[in-house]
Student: 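Starting off with a structure, shown below.
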Amino acid sequence: MTRPFRRSVGILAGVLLVGLIQACGPSIVALDTRPNNSSQAENLAYSVASKANCGSLEALDPVGTREKWGFACQTSTTSYTIEVFGSDESRRSGLQSLRDGGQPYVAKGYYAVSVAPNAATKEEALRASPPPSLLDLFR
């Protein structure tokens with residue numbers, strides 16, 4: 001084989017490998033998507049986080065359930081929790097839990113975003129309500 005051909009084959013192999021790696025990670029989906037499994041829930045959470053430039057998406061409960069999955073992402077100053085719902089019933093109960101907790105949140109489609117608690121104890125977290133403006137990225 002000639003050198004230019006070998007180089008071309010090497011470059012092509014590299015491009016295919018990068019494409020394969022990217023295909024295995026989360027992908028962007030419409031924000032009104034209703035997920036049916038944890039992979040689809042991760043795609044929705046990734047899409048929500050990407051739209052708001054919120055990085056470091058992490059699954060809070062990798063196993064999850066069939067109806068609800070939790071994720072976290074963060075900007076340079078704030079951590080957020082993204083809850084993804086797999087049904088209308090899980091959405092209703094999840095939003096009710098957020099209302100009962102008294103924390104500000106943004107809910108659209110089958111997801112809700114709230115500011116992650118930043119306190120040493122649960123009691124401190126419940127008393128420290130972040131300003132709703134921290135959620136403007138997700139409106």
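Fair warning: this is a prediction, and the values are worked out from it, not measured in the lab.
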Student: Could you tell me whether a side-chain N or O of Ser97 sits under 3.5 Å from a main-chain N or O of Ser93, the two making a donor and an acceptor?
Tutor: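 The answer is yes, because a donor-acceptor pair under 3.5 Å joins these two groups.
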Student: Please report the closest heavy-atom contact between Ala52 and Phe138, naming both atoms and the distance.
Tutor: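 In this case the closest contact between Ala52 and Phe138 is CB-CE2, 3.4 Å.
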Student: For the side chain of Gln40 and the backbone of Asn36, is there at least one donor-acceptor N/O pair under 3.5 Å apart?
Tutor: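 The answer is yes, because a donor-acceptor pair under 3.5 Å joins these two groups.
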Student: Determine whether Arg99 and Tyr105 make a side-chain contact, defined as any pair of heavy atoms from C-beta on separated by less than 4.5 Å.
Tutor: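 Answer yes - side chains close enough.
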Student: Using 0.5 Å steps for rounding, measure from the CD atom of Glu83 to the NZ atom of Lys68.
Tutor: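 Taking CD in Glu83 and NZ in Lys68, the distance rounds to 4.0 Å.
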Student: Give me the one residue out of Leu57, Val84, Leu137, Leu31 that meets side chain to side chain contact (heavy atoms under 4.5 Å, CB included) with Val48.
Tutor: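 Per the side chain to side chain contact (heavy atoms under 4.5 Å, CB included) rule, the option paired with Val48 is Leu31, out of Leu57, Val84, Leu137, Leu31.
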Student: Looking at Asn43 and Ser27, would you say the former's side chain and the latter's main chain have a donor-acceptor pair under 3.5 Å?
Tutor: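 Checking the backbone N and O of Ser27 against the side chain of Asn43, a donor-acceptor pair under 3.5 Å is found.
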Student: Go through Thr33 and Tyr110 one step at a time and tell me if the side chain to side chain contact (heavy atoms under 4.5 Å, CB included) criterion holds.
Tutor: CA-CA 7 Å; Thr33 300; Tyr110 288 93; over 6 Å; no
Student: Just verifying a value: how many Å separate Leu134 CG and Thr77 OG1, rounded to the nearest 0.5 Å?
Tutor: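 Interatomic distance, Leu134 CG to Thr77 OG1, rounded to 0.5 Å: 7.0 Å.
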Student: CD/Gln74 to OG1/Thr81 distance, rounded to the nearest 0.5 angstrom?
Tutor: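 So the gap between those two atoms works out to 11.0 Å.
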Student: Run the numbers on Val115 and Thr78 for side chain to side chain contact (heavy atoms under 4.5 Å, CB included), then give the verdict.
Tutor: CA-CA 7 Å; Val115 176; Thr78 309; 3.8 Å; yes
Student: How close do Ala41 and Pro35 get, counting heavy atoms only, and between which atoms?
Tutor: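 Here Ala41 and Pro35 meet closest at N-CB, 3.5 Å.
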Student: Would you confirm whether Ser90, through its side chain, and Ser87, through its main-chain N or O, come within 3.5 Å as a donor-acceptor pair?
Tutor: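 Pair found, side chain donor or acceptor close to backbone of Ser87.
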Student: Work out which heavy atom in Lys108 is nearest to a heavy atom in Arg139; give both atom names and the distance.
Tutor: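 Result for this residue pair: NZ-C, 2.8 Å.
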Student: Could you go through Leu60 and Trp69, starting from their C-alpha distance and side-chain angles, then the distance that decides it, and tell me whether this counts as side chain to side chain contact (heavy atoms under 4.5 Å, CB included)?
Tutor: CA-CA 8 Å; Leu60 296 175; Trp69 300 270; over 6 Å; no
Student: How about Ile28 and Ser50: do any of their side-chain heavy atoms sit closer than 4.5 Å?
Tutor: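 Yes. Closest side-chain heavy atoms under 4.5 Å.
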Student: In plain terms, say whether Asp88 and Arg91 are close enough for a salt bridge, that is, a side-chain N and a carboxylate O under 4.0 Å apart.
Tutor: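 Looking at Arg91 together with Asp88, the answer is no, because their closest N to O distance does not fall below 4.0 Å.
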Student: Spell out, as yes or no, whether a donor-acceptor pair under 3.5 Å connects the side chain of Tyr111 to the backbone of Val106.
Tutor: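 Not confirmed, Tyr111 side chain does not pair with Val106 backbone.
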Student: Could you tell me whether the side chain of Ser47 and the main chain of Val29 form a donor-acceptor pair under 3.5 Å?
Tutor: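 Flag set: sc Ser47 to bb Val29 pair under 3.5 Å.
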Student: Go through the steps for Tyr46 and Phe71 under the test ring-ring contact (aromatic ring centres under 6.0 Å, His included), then give the verdict.
Tutor: CA-CA 9 Å; Tyr46 178 75; Phe71 300 88; over 10 Å; no
Student: Do Leu135 and Val113 touch side chain to side chain, with heavy atoms closer than 4.5 Å?
Tutor: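 In contact.
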Student: With rounding to the nearest 0.5 Å, note down the distance linking OG in Ser114 to CG in Leu98.
Tutor: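 Nearest 0.5 Å value for the OG-CG distance: 5.5 Å.
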Student: For the pair Ile82 and Cys73, evaluate side chain to side chain contact (heavy atoms under 4.5 Å, CB included) and give the outcome as yes or no after the intermediate values.
Tutor: CA-CA 8 Å; Ile82 303 171; Cys73 70; 4.0 Å; yes
